[in-house]
K.L.:
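Structure below; questions to follow.
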Amino acid sequence: MKPLNKVIIKKNTSFNPIWIMRQAGRYLPEFRQIRKDNPNFINLCLNNDLSSEITLQPLKRFDLDAAIIFSDILMLPYGLGQKVEFEKNFGPKLGQLKLDEIIKIDETDFIEKVNNVYKAIKKVSSNPILNNKNTIGFIGAPWTLLVYMINQKSPKNKLKVNFFENQVLINKTLSIIDKFLKIHIKNQVNNGANIIQIFDSWAGLLEKKDLPDYIYKPTLSLVNYVKSLNVPVICFPRGIKNYKEFCEFVNPDAINIDYNLDPKEAVKTIRIPVQGGLDPKVLLTDKETIKKEASKYLNIFKDHPYIFNLGHGVLPETDPNMFEYLVKTVKDY
Ligand code: 1CP
């Protein structure tokens, strides 16, 4: 059985597998080298030789239990024909959302645009390095994708006041997102992804009253779909105030917590396997602090099925030696 499945399916508490969000990325000099020669980020994701190489970079260096495919949640709007670019020191920049054009896109058009992501998953998952490890596929949650597609850039911690103005546009877009996320999940699984993680990076922007319509119901539809494929699904509703309520409503196979949630509170209130939590900024300190903070999570979750990870992506300024030290600390625990 693959390491994450032991925790997620078997509910094993005697060992803690580890992988790190954004483990394939900017803190690694070998990634920055490739990135320098490939200024177009989407094209890099769509170059399956390079994207599979980048996916495996952290596994060649560190004793990690899973690979997460090097791609982006914004491949979905890209596959739907919305313009997506990444600008240095700005982040994602999307073209206008044109519903009349997006409704004309069918499954074949979509797959044609993003097929190289699936080819990369196939390459990665059949690599012997991953024989006894998981290959994680992922999607952005409907809410977070809706935010980028309507806002056309990062909301940077707040929604514009008139975000909900056009309800027809919002509801039609959500239904298209649901349809194509299922297609995207199916193709990742068919090509070797054996876990799906759903990133809801902007879940924390919503008020409590809006959670059922924009987070719980749309995410539940996808969680049930992944379960129907017999693949475990991990949700990460970053910044949501009430993780307990989220889990009761959506019931994924595991939940990634963010670093603002008190882990002692989490272990008391969450009934399903937990992943993550450690503040990525801890990796910018020293070995003593890293050991202390990582041990805190491992101690608190010692009798709870727990996958080690961070409470958000690893920061670009992280020293790979400190990353290595964290992995070693968890493995030696
Ligand atoms: O070199 C660069 O400038 C590109 C930086 C980069 C990288 C390495 C981006 C742009 N995306 C990625 C890869 C990526 N994105 C992965 C690969 C696998 C891994 O984790 O190692 C994953 C899982 C994502 C997911 C993703 N993209 C999320 C969800 C997780 C999170 O960080 O909250 C989000 C919100 C995005 C959008 C995105 N893509 C890139 C950036 C800089 C952003 C965030 C911008 C913002 O603040 O709104």
Side-chain angles (χ1 to χ4, degrees), residues 4-5 7-9 19-23 66-80 114 117-118 121 134-149 173-191 193-206 210-240 242-258 261 270 272-277 307 309-313:
L4 269 61
N5 301 54
V7 173
I8 296 174
I9 309 293
W19 69 280
I20 300 291
M21 291 187 280
R22 295 289 180 97
Q23 65 189 27
I68 178 157
I69 195 71
F70 182 77
S71 174
D72 199 88
I73 61 167
L74 299 178
M75 293 314 285
L76 189 104
Y78 172 81
L80 290 173
V114 301
V117 174
Y118 312 135
I121 295 180
N134 287 95
T135 302
I136 303 172
F138 67 88
I139 56 164
W143 164 248
T144 286
L145 291 174
L146 182 76
V147 167
Y148 282 110
M149 288 168 78
T173 306
L174 277 175
S175 119
I176 292 169
I177 290 174
D178 178 74
K179 174 178 164 194
F180 284 91
L181 281 178
K182 286 172 182 166
I183 292 169
H184 199 36
I185 291 168
K186 181 180 72 187
N187 283 283
Q188 294 188 61
V189 168
N190 286 346
N191 284 284
N194 48 41
I195 301 267
I196 294 291
Q197 176 143 325
I198 303 180
F199 287 96
D200 211 346
S201 304
W202 298 113
L205 295 184
L206 281 171
D210 291 319
L211 295 176
D213 282 348
Y214 294 104
I215 305 261
Y216 299 163
K217 289 175 204 164
T219 311
L220 180 62
S221 164
L222 295 162
V223 162
N224 285 340
Y225 181 72
V226 183
K227 287 181 178 175
S228 77
L229 303 176
N230 272 317
V231 168
V233 52
I234 306 171
C235 283
F236 182 26
R238 181 168 75 92
I240 207 156
N242 195 337
Y243 272 93
K244 179 175 183 279
E245 188 179 272
F246 176 92
C247 290
E248 284 165 0
F249 209 110
V250 178
N251 195 28
D253 294 295
I255 182 93
N256 197 108
I257 57 174
D258 65 72
L261 180 66
I270 297 176
I272 60 175
V274 170
Q275 171 176 282
I307 299 163
N309 203 320
L310 302 177
H312 198 192

K.L.:
Looking only at heavy atoms, which two atoms of Gly137 and Ala193 are closest? And how far apart?
P.N.:
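Distance-wise, the nearest heavy atoms are N-CB, 3.8 Å.
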
K.L.:
Taking the side chain as every heavy atom from C-beta outward, state whether Asp200 and Phe236 have any pair of such atoms under 4.5 Å apart.
P.N.:
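No, side chains not in contact.
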
K.L.:
Checking the side chain of Gln188 only, and the main-chain atoms of Phe138 only, is there a donor and an acceptor separated by less than 3.5 Å?
P.N.:
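Yes: the side chain of Gln188 pairs with the backbone of Phe138.
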
K.L.:
Dump the intermediate steps for side-chain contact (heavy atoms from CB on, under 4.5 Å) on Gln275 and Gln197, then the final yes or no.
P.N.:
CA-CA 11 Å; Gln275 171 176 282; Gln197 176 143 325; 2.9 Å; yes

K.L.:
Do Ile215 and Phe249 come within less than 4.5 Å of each other through their side chains, counting heavy atoms only?
P.N.:
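Heavy-atom side-chain distance check fails, nothing below 4.5 Å.
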
K.L.:
Enter the distance from Asn224:CG to Leu229:CG here, rounded to the nearest 0.5 Å.
P.N.:
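Interatomic distance, Asn224 CG to Leu229 CG, rounded to 0.5 Å: 11.0 Å.
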
K.L.:
Going by heavy atoms in the side chains, are Ile307 and Ile8 under 4.5 Å from each other?
P.N.:
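Yes, at least one pair of side-chain atoms sits under 4.5 Å.
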
K.L.:
I want to check something: taking the side chain as every heavy atom from C-beta on, are Tyr214 and Leu174 in contact at a cut-off of under 4.5 Å?
P.N.:
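In contact.
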
K.L.:
Using residues 68-77 as the side-chain source, report each donor-acceptor pair under 3.5 Å to any protein atom, sequence neighbours left out, with the distance given to one decimal.
P.N.:
from, atom 1, to, atom 2, distance (Å)
Asp72, OD2, Leu74, N, 2.9

K.L.:
For the pair Arg238 (side chain) and Ser201 (backbone), establish whether a donor and an acceptor sit closer than 3.5 Å, ignoring hydrogens and angles.
P.N.:
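Flag set: sc Arg238 to bb Ser201 pair under 3.5 Å.
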
K.L.:
Kindly give the heavy-atom pair with the smallest separation between Asn242 and Glu245, and that separation in Å.
P.N.:
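It is OD1-N, 2.9 Å.
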
K.L.:
Can you see which heavy atom on Asn5 is nearest to which on Pro232, and at what distance?
P.N.:
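For Asn5 versus Pro232, the nearest heavy atoms are ND2-CG, 4.1 Å.
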
K.L.:
Looking at side-chain heavy atoms only, is the closest gap between Asn309 and Trp19 below 4.5 Å?
P.N.:
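Asn309 reaches Trp19 side chain to side chain.
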
K.L.:
Using atom types as modelled and distance alone, determine if a side-chain donor or acceptor of Asn194 lies under 3.5 Å from a backbone N or O of Thr135.
P.N.:
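Such a contact is found between Asn194 side chain and Thr135 backbone.
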
K.L.:
Looking at Pro252 and Cys235, what are the two nearest heavy atoms and their distance?
P.N.:
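Reported closest heavy-atom pair: CB-SG, 3.7 Å.
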
K.L.:
Could you state the interatomic distance from CG (Asn256) to CG (Leu261), rounded to the nearest 0.5 Å?
P.N.:
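Asn256 CG to Leu261 CG: 10.5 Å, rounded to 0.5 Å.
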
K.L.:
For a quick test of reading the model, state the closest non-hydrogen atom pair linking Val114 to Gly79 and the distance between them.
P.N.:
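For Val114 versus Gly79, the nearest heavy atoms are CG1-CA, 3.9 Å.
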
K.L.:
Report yes if the distance between the aromatic ring centroids of His184 and Tyr118 is under 6.0 Å, otherwise no.
P.N.:
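Yes, they do, as the ring centres are separated by less than 6.0 Å.
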
K.L.:
Spell out, as yes or no, whether a donor-acceptor pair under 3.5 Å connects the side chain of Asn134 to the backbone of Ile136.
P.N.:
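Checking the backbone N and O of Ile136 against the side chain of Asn134, no donor-acceptor pair under 3.5 Å is found.
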
K.L.:
Give a yes or no answer on whether the side chain of Gln23 reaches the backbone of Ala66 with a donor-acceptor pair at less than 3.5 Å.
P.N.:
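Judged by distance alone, yes, a pair lies under 3.5 Å.
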
K.L.:
For Asp210 and Leu206, indicate whether the former's side chain and the latter's backbone hold a donor-acceptor pair under 3.5 Å.
P.N.:
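No; judged by distance alone, with no hydrogens or angles, the pair does not exist.
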
K.L.:
Does some side-chain heavy atom of Leu222 sit less than 4.5 Å from a side-chain heavy atom of Ile185?
P.N.:
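When only atoms from C-beta onward are counted, Leu222 and Ile185 do touch, with a gap below 4.5 Å.
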
K.L.:
Can you sort out the partners of Asp178 under salt bridge (Lys or Arg N to Asp or Glu O under 4.0 Å), two or more places apart, ordered by chain and number?
P.N.:
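So Asp178 forms a salt bridge (Lys or Arg N to Asp or Glu O under 4.0 Å) with Lys182.
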
K.L.:
When you compare the side chain of Pro237 with that of Ile255, does any pair of heavy atoms fall below 4.5 Å?
P.N.:
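Yes, close enough: below the 4.5 Å cut-off.
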
K.L.:
Can you tell me how far the CD1 atom of Ile121 sits from the CG atom of Asn187, to the nearest 0.5 Å?
P.N.:
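The CD1 atom of Ile121 sits 9.0 Å away from the CG atom of Asn187.
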
K.L.:
Output all residues satisfying salt bridge (Lys or Arg N to Asp or Glu O under 4.0 Å) with Lys227, sequence neighbours left out; order by chain, then residue number.
P.N.:
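Here no residue qualifies.
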
K.L.:
Could you grab the distance from atom NZ of Lys244 to atom CD1 of Ile272, nearest 0.5 Å is fine?
P.N.:
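That separation rounds to 12.5 Å.
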
K.L.:
Starting from the C-alpha separation in whole Å, work towards a yes-or-no answer on side-chain contact (heavy atoms from CB on, under 4.5 Å) for Ile234 and Ile198.
P.N.:
CA-CA 6 Å; Ile234 306 171; Ile198 303 180; over 6 Å; no

K.L.:
Can you see which heavy atom on Ser228 is nearest to which on Tyr225, and at what distance?
P.N.:
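Reported closest heavy-atom pair: OG-O, 2.6 Å.
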
K.L.:
Tell me, with the steps shown, if Ile240 and Asp258 meet side-chain contact (heavy atoms from CB on, under 4.5 Å).
P.N.:
CA-CA 9 Å; Ile240 207 156; Asp258 65 72; 5.7 Å; no

K.L.:
To the nearest 0.5 Å, what is the distance between CH2 (Trp202) and CH2 (Trp143)?
P.N.:
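The CH2 atom of Trp202 sits 11.0 Å away from the CH2 atom of Trp143.
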
K.L.:
Hey, does the side chain of Thr144 reach the backbone of Gly140 with a donor-acceptor pair shorter than 3.5 angstrom?
P.N.:
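No; judged by distance alone, with no hydrogens or angles, the pair does not exist.
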
K.L.:
Below 4.5 Å, heavy atoms only, C-beta onward: do Asp253 and Pro273 meet side chain to side chain?
P.N.:
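They are not in side-chain contact.
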
K.L.:
Using the side-chain contact (heavy atoms from CB on, under 4.5 Å) rule, take Asn251 and Val223 through it: C-alpha gap first, then chi angles, then the decisive distance, then the call.
P.N.:
CA-CA 8 Å; Asn251 195 28; Val223 162; 5.9 Å; no

K.L.:
Looking at CD1 of Ile176 and NZ of Lys179, how far apart are the two atoms once the value is rounded to the nearest 0.5 Å?
P.N.:
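That separation rounds to 8.0 Å.
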
